[in-house]
Amino acid sequence: MPPPLISSQNHAILGSLNEAQRRAVTSDAPTVAILAGPGSGKTHTLTSRVVWLVDYVGIRPENVIVATFTVKAAKEMKERIGKALGNGREKKLVLGNFHSIARRYLAAYGRHIGLNQKFGIADDADSRAIIKRICSRKQVQPDPAYVRAWISKKKAKGTEVDEKQARIDASKSPGLQELEECYQEYQSHLEKSNLLDFDDLLVRCVELLQKFPSCVSNIQTVLIDEYQDTNGIQYELMKLFAQKHRRVTIVGDPDQSIYGWRSAEVKNLWRFLKDFRGTAEISLEENYRSFQSILDLSLLVIQQDKNRYKKILKPIHNKGSRPALRKLKSASAEGDWIVSEIKRVIMMSGGMLTHNDVAILLRSASLSRHIENGLGKAGIPYRMVGGFKFYDRVEIKVIIDYLRVIYQPENNDALARIMNVPKRGIGEGTIQKFLEEARQASISVWSLLSKHSRGERTAKTKITTPMEQKIVTTLLRPLDAIRKKIGQSHGPNGTPFGLVEMIEQLISSINLQKHIKTTYPDDHEQKWANIEEFISLAADFVREQAQSEDDDLLPEIEGVEQTKETEILPRFLANVSLAADAQTGDKDEESKPVVTISTIHAAKGLEWPIVFIPAVYNGSIPHQRSEDSDEERRLLYVAMTRAQNLLYLSCPTFAASNDDDSSPSRNQLSPFIEPIHRAFANKGPCLDRPVMTEIAKVLKRKLPSEDDIFRELPTMFSIEDNLFPVDPEQRQGDTVEPPRAKRPRLSGPGHRNTTGEENPWKKEYATTMEQSSGFTVSALPGFISASTHQAKLAAETAANEALKAAERAKKLTATAKRPLDQKSILGFFGSKPSSAASSHLPPTSSNKPQPPVSTKANYNPLGRNQFPGLPRSSSTPKPAIEPELATHRLSTGKPTMSRPSRKENIEKVKQYPAFSSSPQKPPVEEEGNVDDDDDDGPPEPTRAAACLHSTTYTNMPLSDFNKGGVKRPPRLNRDGAITPLDKLRQPFKPLTVNRGR
DNA sequence: GGACTTTCCCTCAAA
DNA sequence: GGGAAAGTCC
């Protein structure tokens, strides 16, 4: 292949990248590790690299594996890549979450390792039930939950287990014998039912790829997102995917490792760097997402972990408002307060911000109740991500279990669940006996029943005549009829028996509607609506499958025979098990702004302008049952760093004990927040003109005029966060600031208010004086009273002092400068854990003054000698592609897609609309911070808190930096050719809906 | 004796 | 709000 005709700098995809990102995207090192903090554009970089490799390097999409951890992430990535690649080429990529990729390989090649091709997937409920039964039959000591966790861990660790570690673990688990026995029984049960559980999907895929490497012989490159969440078996899988060419790109952030409980191991990062020597390590250091004050506080949280690998995170945006830590009386007050703040923010933004911009992030899904109540009362639309799944609803589960039994008659567990639904007069005890008899006879319950009904074999379990009647007429026959139809669908001229028709026939033949009506008289309508929704989901699935046709199939490999999945039912069932969420009609969802309620886990990788984190008390975060408190801290860090502009933490002072109980227990503030609580504001920020202007700037939106905003404010509207007492333990009146005379600001909106009319809010005053305890004149926009100003100043000085004192007390390495040569993470992990905390300290003398800001090293990480494999070079990236990579060919001998000629390339320069969830680099902030310029604006500490954690931040406040006339790294889009910023108004794409309203 | 109804428990996070 | 043990009914 001839050398590239166009230089890499001209490739359109690069326009949206900063220098470090561009190096990561275009790196020709075989293995690339991109390590970066939140909001630095990791995923954007990864998707760009995929596009680069396919579009520029010329790797065929079907030879690329992109693995993520969640269905959601996979879906979003597919969309983004699709937009950039065009021609539907993204469909050819082997892209998905680990489990679904593994399932595809097993479906295609599983029979080579003796896997029954009709395998089903045992979900959580299945494996729980199976283990429970085994435990009670064997009367084992440990409880089923523990056994289950033990088995899962054993599988997830992978085969390359450290022998020493294994022995230690073995000695630590008492009743090892019993556990092993349960494990054996569990596996044999799964095998008999022809099921694989989630872990098995990975385990068996590893087995397949070890024995038949040729299955992945076409794979030229592998990319992994959220790498810090890989567990042992996934690590092996990744290596096996890439075994032919060993070209891997990983993206991750150890600080965001929050899946340890699922056996994710951060040390896999170190393992990676050891296994792939010469990996190019690239760090992305600029945070494009959040205001600096949000990053400051997030860092104060994460830095409590003394053993972490410290990274640089440079805020790009201005300081912004101080995040709030709000105390409320109870969980329901918390919910009401959140509602009031949401309303306030939206009103005060004049509609610039909508419900879509708000997320409420929870440690556990069960915390949503009070919040949902509050939102419901206020009529604010919301959706819940994570937590209860659509597919987990009883009425949906029944249908799914029926479908499973149709597909796999030998699935005893599914059959057991539906045997008496609708009621057939078969009790729990009888079902258990069936299961036991079937187990002993080594046949399935289904065949036990059907043999009995045909008189071929009399069941030992007593079956009464009416019972038998019911079984035959409402269970065996209808399902057999459906199976028969499926079998005929492949006949010469028979139109295929569609999934939707199948479900409809099923529903009518078991008379599900009647069952729903009688069993759930109160909400049968809702339940029936869910069933209809499910049918339409099935229809969507069928349509999607028809569109992608065989794109979902793996590329043909010579010499390894593939099984083609022709039936829709197994694919649908797999999709149901592996998909985190049901996807409902996007169209109406996008038009109606809704508040997002999500678990923190499910929010990873996403961002919102306004983020609430309720229930930051000990027991919620860190969770009562958590084992790793560092992981809980990281979880809080992940949650906080989702926020772009406004961040709220809140904590109910008293636990919501059950109403009759008169002794409410007191909640303790989370230990991660307690030491730094003074760094937070004690109530929501003032949302005056400067603040809103700043937000508008970051979000690239247009802020309505102040007059317009205030004209829209309803009566009785409180423009400050003062509807709830700041200290819930005092009577409300005690905490209220005395009313003060208003005074126009010297500069600022009030000053510019030239309308002769009386401001509309003034009238409301009189009408709301009854509840004036929560009202202050100083709250008026554009006006700030002297005493408020003073109080605010004092508070902030105090908070700042406290912060500094806390830092000093903790003897943080506050005086150390940011290392100019941040070490490789390999060195960090390589050092002994005890010394790890100090090993990464910068070599720079702590007394040395901050180096001149113009140091190129500040912005040229290459200069930091981080990448032994790459030459230290000028700031222009090396355009060349390693010849070896450029000439990669398919093992099948098919011609490699040729790179477009120069002319073609110029002609179809794509505008690559932003396919990052994070905005790209905003224009250089020439004027500096708002607070600095607006001398009457909310006072802020002169020195940014950044200087307090210089080991992670650059020591220099950004404002100084901006003013210093320092040359920033060249912006690739300064010529105006690429203007994707406007397209970033929607900060995130609404994802999924799990819950009806 | 087994099916149906009521009470108590518990419930972290996700594929 | 849901699932399992205990209690009640046929």
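So that the names make sense, note that chain A is the first sequence line, chain B the second, and so on, each numbered from 1.
Note: CD (A:Q256) to C1' (B:dA14) measures 17 Å, nearest angstrom. Put simply, CD on A:Q432 is 10 Å from P on C:dA5, counting in whole angstrom units. In this entry the distance linking CD1 of A:I101 with P of B:dA15 reads 14 Å, nearest Å. For the pair A:D143 CG and C:dA5 P, the computed distance is 13 Å after rounding to whole Å. Atom NZ in A:K527 sits about 10 Å away from atom C1' in C:dG1, given to the nearest Å. Atoms CD1 (A:I431) and C1' (B:dA3) sit 11 Å apart, rounded to a whole Å. Rounded to a whole Å, the CD atom of A:Q526 is 11 Å from the P atom of C:dG1. As a whole-Å value, the separation of A:Y617 OH from B:dC12 P is 14 Å.
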Side chain to side chain contact (heavy atoms under 4.5 Å, CB included) evaluation trace for A:I371 with A:L362
CA-CA 10 Å; A:I371 290 156; A:L362 310 167; 3.7 Å; yes
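Contact annotation: A:N420 side-chain N/O to B:dC4 OP1/OP2 distance is under 4.0 Å. Contact check, A:R262 against B:dA13: no side-chain N or O comes under 4.0 Å of OP1 or OP2. The phosphate of B:dG2 (OP1 or OP2) has a side-chain N or O of A:K433 nearer than 4.0 angstrom. Side-chain N/O atoms of A:T599 include none lying less than 4.0 angstrom from OP1 or OP2 on B:dC12.
A salt bridge links A:K155 with A:D197; the closest basic N to acidic carboxylate O contact falls under 4.0 Å. With respect to the salt-bridge test (charged N to carboxylate O, under 4.0 angstrom), the residues A:D336 and A:K377 qualify. Ionic pairing of A:D305 and A:R308 is not present here: no N-O contact between side-chain nitrogen and carboxylate oxygen is shorter than 4.0 angstrom. With respect to the salt-bridge test (charged N to carboxylate O, under 4.0 angstrom), the residues A:D413 and A:R404 do not qualify.
Ranked by how close their nearest DNA chain B nucleotide is to the 5' end, A:G427 and A:S626 are led by A:G427. Each of A:S364 and A:G429 was assigned the nucleotide of DNA chain B with the nearest heavy atom; the assignment lying further toward the 5' end belongs to A:G429.
Here the nucleotide nearest the side chain of A:T430, chosen from B:dG2, C:dG1, B:dA14, is B:dG2. In the set B:dC4, B:dA15, C:dA4, B:dC4 carries the atom at the smallest distance from any side-chain atom of A:K423. Residue A:A365 places its side chain closer to B:dA13 than to any other of B:dA13, B:dA15, C:dA4. With distances taken from any side-chain atom of A:W261 to the nucleotides B:dA15, C:dG1, B:dA13, the minimum falls on B:dA13. Comparing B:dA13, B:dA15, B:dA3 by their nearest atom to the side chain of A:M467 picks out B:dA3.
In this pair, A:Y259 does not lay its aromatic ring on the base of B:dA14; centres under 5.5 Å and planes under 30 degrees do not both hold.
Within the shown strands, nothing qualifies as a pairing partner of B:dC10 under the Watson-Crick or G-U definition with both distances less than 3.5 Å. Shown here, B:dG1 forms a base pair with C:dC10; the pair counts as Watson-Crick or G-U wobble because both key distances fall under 3.5 Å.
No side-chain donor-acceptor contact under 3.5 Å links A:Q234 and A:E236.
The residue A:I258 sits apart from the nucleic acid: no heavy atom pair falls under 4.0 Å.
Judged by atom type and distance alone, A:D124 reaches the base of B:dA15 through a side-chain donor-acceptor pair under 3.5 Å.
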